[in-house]
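Everything on this sheet refers to the single structure shown next.
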Amino acid sequence: MENMKKYLPAFKTCVQKEPAFCTARCPFHMDVTDFIDKVQTGRFDAAYRIYKNAAGFPAIACALCPEPCKDVCPLDEPIEMKLLEAASIEHAKRKTPNDYNLPKKKQKIAVIGAGISGMACALRLATKKYDVTVYERTHRIGGTLWESMDPKIFNDDFDLQFSHEEYDLHLDTDISSLSQLESEGYSAVYVATGKGGNDLGLLSEHLEEPCMMMGDTGVFAGGSLLGKDKIYALADGLKMSTTIDNFLRTGNLIYTPDPKGTGTVLDESRLIQTHRILPSADSGAYKGYSPEEAAEEGKRCLKCQCDACRLYCDLTDYLSKWPLRLRDEIQATTLPGSSEVKATPAKRSISTCSQCGLCKETCPKDIDLGGLILAARRNMHRQEKMPWVFNEFWLRDMDFANGPLSSVIKPPTGREKCDYAFFPGCQLGASDPGLVSLSYRYLLDVEPSTGIFLSCCGLPAEWAGNDELHNRELSRINTAWEDLGRPVLILACPSCANHFRKHLPHIETVFLYDIMADKGISVPKRNGTFSVFDPCSTRDKEKLRNSVRSIVSSMGIENEPLESQEKWAACCSFGGQGSIADPGFAKHVREKRIALGDKPYIAYCINCRDAFLEEGKETYHILDLVFDREPRAVTVSARRENRILLKENILKEFFKEEMDEKRPDYGIELYIDDELSQKLSREKILEEDMENAVSFCENTGQKLFDTEAGTYKGWRKIGHATYWVEYKPEGDGYRLLNGYSHRMEIEMEHIWNGHKTNFEV
């Protein structure tokens, strides 16, 4: 896990669990977002329980509260929390406290003062079944509440909340010295004698942390005695009950300080201002929200939380998981040990991440979840635990792009070296070979010393976590670049550009689109309104983004901006090549990007164009428009064929050479209808592999005949995966009726018809 360690410290700064601004300012630190959730859905019993659990005496708290939350609410018209709290009290059908049959505790606790702070402390400690005695120097409980509100409010609330609890109350009892209590055997004493009350000598020596030991007894002070207003005195009594409980459990005399603020970060650009809902209810003493009005007011709440990761990161959004949980799952998954005997909860999500880097760029604490995931891929590969099923197709695709049927690395005709070399990337020619040929022809016109470099940059190997293979690919590219004379590489793919900058920074690069914008190119006019879609790999490439828009403008096209994409360009779903690990994630991402605008898109990453075309979104690559070509979605098998055609065309048109390499020949003719071809493509199954499997079945006789359907069924292992075919003879060849692969490796003894075979499976 060595390469993962550098990413982990940043997670300690995560503010996901920081309270909302209102919660941090609330005297009781109530979970306001949870409370609001309940109000929004009309669950007033649940909302009331949240309020009661936080405030102790909800009716008293509601009457006293000066609404400090309004001072920090980001809305111009803050949420009417006091009215919502009143609504929870009014509309809750069940307010009686739960009666827990808990055993009584042996420790005795004295509470001095029956004002709001003392009663709050007594309530919580009595609920925990401590033996509580309250001493009040006057003839009544409530203290200064008698001067603040209708006595019926607090007396009824006292009666309700204490309805299942027992405590001893001594009125007209003045405790002027702690020595008066020495013979009673109290384990703890809470001094809550109110503003200007007798501190029993505690504050003179312990003002900063008003607690001390008197023999074996812990003595604590709080509430208005410490100068706190009534609502904060109430909160202090609840807090001190927890402090006393902790003291009695552990023996540690620790005064609990007030919570300090919040680390939640406010993104003002995302604020949507709304007008507050005014209550119309006027039923007797209650003048507040109806249930419907409360729900509407609750819906205004922004539920302030640092959620940049959930907003911008597609993976956390799709999985409904926060980075801290994913960190823990990733660490558990990558710990040494066989996955057969230990949990690997993040095996799939590690392989799904699109590696767009948006998580780190938008996180206020620079937490790099994507970096951790890529390091985890490397870690798992080194442990031989990285599931080959998620990456084999892409690595085979990379090998094919760099193989003899696809790759061309040559200086221009008549030269041994070149000053420039066109490196279009492996996917542009796979999608439309004509776009590469036309672009190369243009480049030779503006710069005749431009060579051709048809190859994959090696990014799939990095995304697979295979450092050895990745380094081998980088070395291959560097050697070929050296052999060409160290030319400036002209790139068409922004992902290739990022990959070169990260791993081969000594290779100078420039974008094809920058050259077109700078040197000019004759483009056809095309009226209409489109939206330029910026790939995730261009967030730091302002010149490139402007060049594309300049070309679009020269065509007479009006660009309707995709505002969120222009600010924080997000992935189209191709990045990280996680569509096999989780096809649902890929679809989720594509649908999110497509929903950004209703105009046709103009992309300048071919993967973006093809991803959206597959979902039915009208999308053009900038080169489609420049060279007046109509885009179309192509299958994974057609992409291989296109690469072969591209090499043939490049050699023939620009070098007057014929291609020597031949396509694989399996000795059969296989017919596949369009519907099945599309299905195979969606499942990332090559038609060539289907042909290979049928040929294998026919040549070896290793097949089964379905007498009812009149079809043959068989299988063949290619690489790690086992492929299954169902077919029947047709004319001089065979008709493929179905093909599939569970992408699993089947191991078995090679027996057929009772005899061992030497079949390669």
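Predicted model, so just to flag it, every value in this text is computed and none were measured.
- Look at Glu648 and Arg663 and you find a salt bridge, because one of the NZ, NE, NH1 or NH2 atoms lies within 4.0 Å of a carboxylate O, short of that distance.
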Inset, instruction - Decide yes or no on side-chain hydrogen bond (donor to acceptor under 3.5 Å, both in side chains) for Asn3 and Arg382, but give the supporting numbers first. - result: CA-CA 11 Å; Asn3 61 346; Arg382 284 195 295 271; 3.1 Å; yes
Inset, instruction - Tell me, with the steps shown, if Asp419 and Arg415 meet salt bridge (charged side-chain N to carboxylate O under 4.0 Å, His left out). - result: CA-CA 10 Å; Asp419 298 325; Arg415 298 175 65 107; 3.8 Å; yes
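- For the residue pair Thr619/Arg609, the side-chain donor-acceptor check at 3.5 Å is not satisfied.
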Inset, instruction - Would you please test Tyr604 and Phe533 for ring pair (Phe, Tyr, Trp, His ring centres under 6.0 Å) and show each step? - result: CA-CA 8 Å; Tyr604 45 107; Phe533 183 91; 8.9 Å; no
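- No salt bridge links Lys567 with Asp534; every basic N to acidic carboxylate O contact stays at or beyond 4.0 Å.
- With respect to the salt-bridge test (charged N to carboxylate O, under 4.0 angstrom), the residues Glu615 and Arg593 do not qualify.
- The residues Glu688 and Arg640 are annotated as salt-bridged, a charged nitrogen and a carboxylate oxygen being separated by less than 4.0 angstrom.
- Judged as a side chain to side chain contact (heavy atoms under 4.5 Å, CB included), and not counting sequence neighbours, the contacts of Glu661 are Pro404, Leu405, Lys647, Met659.
- Comment: Lys599 does not engage Glu618 in a salt bridge, judged by the lack of any side-chain N to carboxylate O separation of less than 4.0 angstrom.
- Heavy atoms of other residues, nucleotides or ligands lying less than 6.0 angstrom from NZ of Lys12 number 12 at most.
- Relative to the six-membered ring of Tyr620, Arg526 meets both conditions, a distance below 6.0 Å and an angle of at most 45° to the axis.
- A donor-acceptor pair under 3.5 Å links the side-chain atoms of Lys541 to the main chain of Ser537, judged by distance alone.
- Residue pairs meeting the ring-ring contact (aromatic ring centres under 6.0 Å, His included) criterion with at least one partner in residues 395-425, sequence neighbours excluded, are Phe423-Phe453, Phe423-Phe500.
- Legend: residues meeting side chain to side chain donor-acceptor pair (under 3.5 Å) with Gln678, ordered by chain and number and at least two apart, are absent.
- Annotation: side-chain hydrogen bond (donor to acceptor under 3.5 Å, both in side chains) contacts involving residues 574-584, sequence neighbours excluded, comprise Tyr318-Asp582.
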Legend entry - Derivation and outcome, side-chain hydrogen bond (donor to acceptor under 3.5 Å, both in side chains), residues Ser437 and Asn649: CA-CA 8 Å; Ser437 297; Asn649 294 339; 5.0 Å; no
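- By the 6.0 Å contact criterion, CZ on Arg486 is open, its count of non-hydrogen atoms from other residues, nucleotides or ligands being 12 or less.
- In this structure, the ring of His506 has its center less than 6.0 angstrom from the ring center of Trp481.
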Inset, instruction - Give the C-alpha distance, both sets of side-chain angles, the deciding distance and a yes or no for ring pair (Phe, Tyr, Trp, His ring centres under 6.0 Å) between Phe390 and Trp463. - result: CA-CA 11 Å; Phe390 298 150; Trp463 281 340; over 10 Å; no
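- Without hydrogens or angle criteria, Ser407 side chain to Gly403 main chain gives no donor-acceptor distance under 3.5 Å.
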Legend entry - Chi angles and distances behind the side-chain hydrogen bond (donor to acceptor under 3.5 Å, both in side chains) call for Thr316, Arg310: CA-CA 5 Å; Thr316 56; Arg310 293 292 292 271; 4.7 Å; no
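- Salt bridge status for Arg441 with Glu653: present, with a side-chain N to carboxylate O gap under 4.0 Å.
- With a 6.0 Å radius and a threshold of 12 heavy atoms from other residues, nucleotides or ligands, Lys417 has its NZ atom above the threshold.
- Arg476 and Ser455 are linked by a side-chain donor-acceptor pair at a separation below 3.5 angstrom, with hydrogens and angles left out of the test.
- Ion pairing of Asp689 with Arg396 is present here, as a side-chain N (NZ or NE/NH1/NH2) and a carboxylate O approach within less than 4.0 Å.
- Between Gln427 and Arg639, the side chains place a donor N or O and an acceptor N or O closer than 3.5 Å (distance only, hydrogens not considered).
- Annotation: side-chain hydrogen bond (donor to acceptor under 3.5 Å, both in side chains) contacts involving residues 352-369, sequence neighbours excluded, comprise Glu361-Arg539.
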Legend entry - From CA spacing to verdict: salt bridge (charged side-chain N to carboxylate O under 4.0 Å, His left out), Glu566, Arg549: CA-CA 12 Å; Glu566 293 193 355; Arg549 283 162 175 76; 3.0 Å; yes
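- Residues Lys592 and Asp317 are paired through a salt bridge, judged by an N-O separation under 4.0 Å between the basic side chain and the carboxylate.
- Classification of the His470-His503 ring pair by plane angle, with boundaries at 30° and 60°, yields perpendicular.
- Using a 4.5 Å heavy-atom threshold, the side chains of Tyr601 and Phe530 count as separate.
- Within a 6.0 Å radius of CD in Glu482, other residues, nucleotides and ligands contribute more than 12 heavy atoms.
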Sequence neighbours left out, cut at 3.5 Å: what donor-acceptor pairs do the side chains of residues 507-521 make with other protein atoms?
unit_1 : atom_1 : unit_2 : atom_2 : d
Tyr513 : OH     : Ala492 : O      : 2.8
Asp514 : OD1    : Ser547 : OG     : 2.6
Asp518 : OD2    : Lys543 : NZ     : 3.1

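- The aromatic ring centroids of Tyr442 and Phe627 lie 6.0 Å or more from each other.
- Leu625 places none of its side-chain heavy atoms less than 4.5 Å from the side chain of Val523.
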